[in-house]
Asks: 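The structure follows.
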Amino acid sequence: MRIVLLGPPGAGKGTQAKRICETYNIPHISTGDIFRENMKNDTPLGQKAKEYMHKGLLVPDELVVEMVEERLTYEDVLSTGYGYLLDGFPRTVFQAGALCDINAKKDCELTLAINLEVPLDILIERVTNRRICPKCHETYHLKYNKPKIEGICDFDGTALYQRDDDKIETVQKRIQIYQDETMPLIEFYEDKQKIININGLQHMSDVFKDIKKVLSGVN
Ligand code: AP5
Ligand code: MG
């Protein structure tokens, strides 16, 4: 199964990706998480990505595509029959074209692009109240999905943190960039008849139910 998760910042991509990957046993590849890990370890890739991410800008296409192409050669992808869930990639029409080329080299096609639809005006509230576990990447919300103990991950007891790019001005910039650069991908995948829209405004467990209904029809 080869899935792309589309949606604006705060749509619930990371939240749903975790559930989908656990249920269907495919690797969760989040380009944002990979960049954050590289920033934490101060690698050359992390240093380059930081310049863009801190301003809410997209990391240049060439860097992202090279990184994803390499990631798709890892054992967890190969051992699941070239299976993956991409969260936050592609994000530009260039990246979407590059993904088609990468898949074609493997004689494979994308199974589906799942587009989480959430009105833009509620995204800021979602993102600014988000807290994340740095260890297992579980995502919480201070109102809608609280940890059992304040500030602590339910699964591994690690202290939760807030992302640097979740400040209100940076989130606004990210939403604007989503509209300019990423929304055209909806049409890109509509033209290929590969897209399914899901109402991301429902409770997160209902969003997942809808996704499961769709995925039960594909393999
Ligand atoms: P990335 O990490 O991908 O961030 P994003 O796309 O902006 O999306 P978010 O992670 O903010 O939101 P999400 O949809 O995952 O929502 P979540 O599930 O956490 O990218 C960050 C940066 O990296 C980019 O700005 C760019 O600089 C760079 N980058 C990454 N990929 C790139 C690429 N391909 N090209 C170039 N640059 C790239 O949920 C949000 C909150 O809402 C949480 O608190 C959650 O608990 C809550 N929530 C979730 N679902 C619901 C629900 N149904 N109801 C109520 N609350 C909910
Ligand atoms: Mg995310």
Side-chain angles (χ1 to χ4, degrees), residues 4-21 28-39 45-46 48-69 71 85-96 98-99 114-120 122-133 137-147 153-154 160-183 185 198-211:
V4 158
L5 259 189
L6 293 176
K13 300 184 294 297
T15 305
Q16 298 301 327
K18 210 161 188 290
R19 289 163 170 74
I20 297 168
C21 292
H28 174 194
I29 302 176
S30 155
T31 41
D33 284 348
I34 300 175
F35 286 132
R36 281 184 285 278
E37 197 62 29
N38 275 275
M39 276 162 43
L45 178 64
K48 277 188 211 153
K50 196 172 181 175
E51 289 173 37
Y52 301 92
M53 285 176 76
H54 278 187
K55 294 181 199 148
L57 303 174
L58 293 183
V59 177
D61 283 337
E62 296 72 19
L63 268 183
V64 191
V65 168
E66 192 185 332
M67 181 179 90
V68 170
E69 186 159 21
R71 179 64 184 83
L85 180 143
L86 286 165
D87 159 7
F89 180 93
R91 243 171 157 104
T92 62
V93 172
F94 178 91
Q95 292 179 17
L99 180 62
I114 298 176
N115 181 36
L116 297 179
E117 294 184 304
V118 177
L120 298 182
I122 74 140
L123 299 172
I124 292 185
E125 201 260 351
R126 279 207 187 170
V127 173
T128 51
N129 285 296
R130 169 170 48 196
R131 297 294 180 272
I132 301 169
C133 172
H137 302 293
E138 183 67 26
T139 300
Y140 299 88
H141 188 281
L142 295 182
K143 276 197 232 159
Y144 310 128
N145 185 24
K146 291 185 195 174
C153 178
D154 291 350
L160 304 179
Y161 81 107
Q162 185 170 25
R163 272 169 44 177
D164 282 346
D165 61 347
D166 281 353
K167 292 193 299 277
I168 191 152
E169 320 78 69
T170 319
V171 178
Q172 279 164 338
K173 183 76 196 165
R174 284 163 53 205
I175 293 172
Q176 185 212 316
I177 290 193
Y178 165 79
Q179 289 177 285
D180 296 345
E181 301 278 346
T182 311
M183 269 178 83
L185 292 188
I198 299 279
N199 173 7
L201 202 52
Q202 310 169 82
H203 188 277
M204 42 195 95
S205 57
D206 293 323
V207 176
F208 186 52
K209 272 189 206 151
D210 281 1
I211 293 176

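Each ligand, and each atom within it, is numbered from 1 in the order the structure gives. As the structure is a computational prediction, the values presented were derived from the model and not from experiment.
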Asks: If you have a sec, work out which protein heavy atom is nearest atom 13 (P) of ligand 1 and how many Å separate them, to one decimal?
Replies: Lys13 N, 3.5 Å

Asks: Ignoring hydrogens, what is the shortest heavy-atom contact between Leu116 and Ala11? Give both atom names and the distance.
Replies: CD1-O, 3.9 Å

Asks: Do any nitrogen or oxygen atoms of Arg131 lie less than 3.5 angstrom from nitrogen or oxygen atoms of ligand 1?
Replies: no

Asks: Hey, does Arg19 have a side-chain heavy atom less than 4.5 Å from the side chain of Val207?
Replies: no

Asks: Would Thr31 count as being in polar contact with ligand 1, using the rule that some N or O on each side must be under 3.5 angstrom apart?
Replies: yes

Asks: May I ask you to list the atoms of ligand 1 that are less than 4.0 angstrom from any heavy atom of Gly14?
Replies: 13 (P), 15 (O), 18 (O)

Asks: Between Glu37 and Phe35, is any pair of side-chain heavy atoms under 4.5 Å apart?
Replies: no

Asks: The test is salt bridge (Lys or Arg N to Asp or Glu O under 4.0 Å); show your working for Arg174 and Asp166 and say whether it passes.
Replies: CA-CA 9 Å; Arg174 284 163 53 205; Asp166 281 353; 2.9 Å; yes

Asks: If you measure from each non-hydrogen atom of Tyr140 to ligand 1, which part falls under 4.0 Å: side chain, backbone, both or neither?
Replies: backbone

Asks: Counting non-hydrogen protein atoms only, what is the nearest one to atom 12 (O) of ligand 1? Give residue, atom name and distance.
Replies: Gly10 N, 2.8 Å

Asks: Counting non-hydrogen protein atoms only, what is the nearest one to atom 6 (O) of ligand 1? Give residue, atom name and distance.
Replies: Arg91 NH2, 2.6 Å

Asks: Count the heavy atoms belonging to other residues, nucleotides or ligands that lie under 6.0 Å from CD of Glu51, then report whether that count exceeds 12.
Replies: yes

Asks: So how far is it from Thr92 OG1 to Asp180 CG, rounded to the nearest 0.5 Å?
Replies: 12.5 Å

Asks: Taking both backbone and side-chain atoms of Tyr144, is any N or O found less than 3.5 Å from an N or O belonging to ligand 1?
Replies: no

Asks: Quick check: does Leu201 get an N/O under 3.5 Å from an N/O on ligand 1?
Replies: no

Asks: So, using salt bridge (charged side-chain N to carboxylate O under 4.0 Å, His left out) as the criterion, who are the partners of Glu138 when residues are at least two apart?
Replies: Lys18

Asks: Tell me the closest heavy-atom pair linking Lys13 and Leu5, and the distance in Å.
Replies: O-CD1, 3.2 Å

Asks: With a 4.5 Å heavy-atom cut-off, do Lys173 and Leu57 have their side chains touching?
Replies: yes

Asks: Distance to 0.1 Å, residue and atom name: give those for the protein heavy atom nearest to atom 57 (C) of ligand 1.
Replies: Met204 CE, 3.4 Å

Asks: Show the nearest heavy-atom pair for residues Ser30 and Arg36, with the distance to one decimal.
Replies: OG-NH2, 4.3 Å

Asks: Return a yes/no value for Gly12: is any of its N or O atoms, backbone included, closer than 3.5 angstrom to an N or O of ligand 1?
Replies: yes

Asks: Less than 3.5 Å between some nitrogen or oxygen of Gly88 and one of ligand 1, yes or no?
Replies: yes

Asks: If I compare all heavy atoms of Phe89 with all of Thr31, which pair ends up nearest, and what's the gap?
Replies: CB-CG2, 3.7 Å

Asks: Which ligand 1 atoms are under 4.0 Å away from a heavy-atom of Val64?
Replies: 33 (C), 34 (N), 35 (N), 36 (C)

Asks: Would you say Arg130 has any N or O atom under 3.5 Å from an N or O of ligand 1, going by distance alone?
Replies: yes

Asks: Do Met204 and Gln16 have side chains that approach each other closer than 4.5 Å (heavy atoms only, starting at C-beta)?
Replies: yes

Asks: Using a 4.0 Å heavy-atom cut-off, which part of Pro8 comes near ligand 1: side chain, backbone, both, or neither?
Replies: backbone

Asks: For Val171 and Asp165, work out which heavy atoms get closest and say how close.
Replies: CG2-O, 3.8 Å

Asks: Among Met39, Met53, His54, Gln202, which residue places a heavy atom closest to atom 22 (C) of ligand 1?
Replies: Met53

Asks: Which residue and atom name correspond to the protein heavy atom nearest atom 43 (C) of ligand 1, and how close is it?
Replies: Thr139 CG2, 3.4 Å

Asks: Which atoms of ligand 1 sit under 4.0 Å from any heavy atom of Gln95?
Replies: 33 (C), 34 (N), 35 (N), 36 (C)

Asks: For Ala17 and His28, work out which heavy atoms get closest and say how close.
Replies: CB-NE2, 3.3 Å

Asks: Considering only heavy atoms, which of Arg126, Glu51, His137 lies nearest to atom 52 (C) of ligand 1?
Replies: Arg126

Asks: For atom 46 (O) of ligand 1, which of Lys18, Lys146, His141, Gln162 has the closest heavy atom?
Replies: His141

Asks: Tell me the protein heavy atom at minimum distance from atom 4 (O) of ligand 1, and give that distance in Å.
Replies: Arg163 NH2, 3.2 Å

Asks: Compute the shortest N/O to N/O distance between Gly56 and ligand 1 and return yes if it is under 3.5 Å, no if not.
Replies: no

Asks: Looking only at protein heavy atoms, which one is nearest to atom 49 (C) of ligand 1, and what is the separation?
Replies: Thr15 OG1, 3.5 Å

Asks: For atom 27 (O) of ligand 1, which candidate among Val59, Leu57, Ile177 provides the closest heavy atom?
Replies: Leu57

Asks: I want to check something: taking the side chain as every heavy atom from C-beta on, are Ile29 and Val68 in contact at a cut-off of under 4.5 Å?
Replies: no

Asks: I'd like to check Lys143 versus Glu125 (side-chain heavy atoms, cut-off strictly below 4.5 Å). Are they in contact?
Replies: yes

Asks: Does at least one non-hydrogen atom of Gly200 fall below 4.0 angstrom from an atom of ligand 1?
Replies: yes

Asks: Check each atom of ligand 1 against the heavy atoms of Arg36 and keep those under 4.0 Å away; list them by number with element.
Replies: 2 (O), 21 (C)

Asks: Which residue holds the protein heavy atom closest to atom 7 (O) of ligand 1, what is that atom called, and what is the gap in Å?
Replies: Arg174 NH2, 2.8 Å

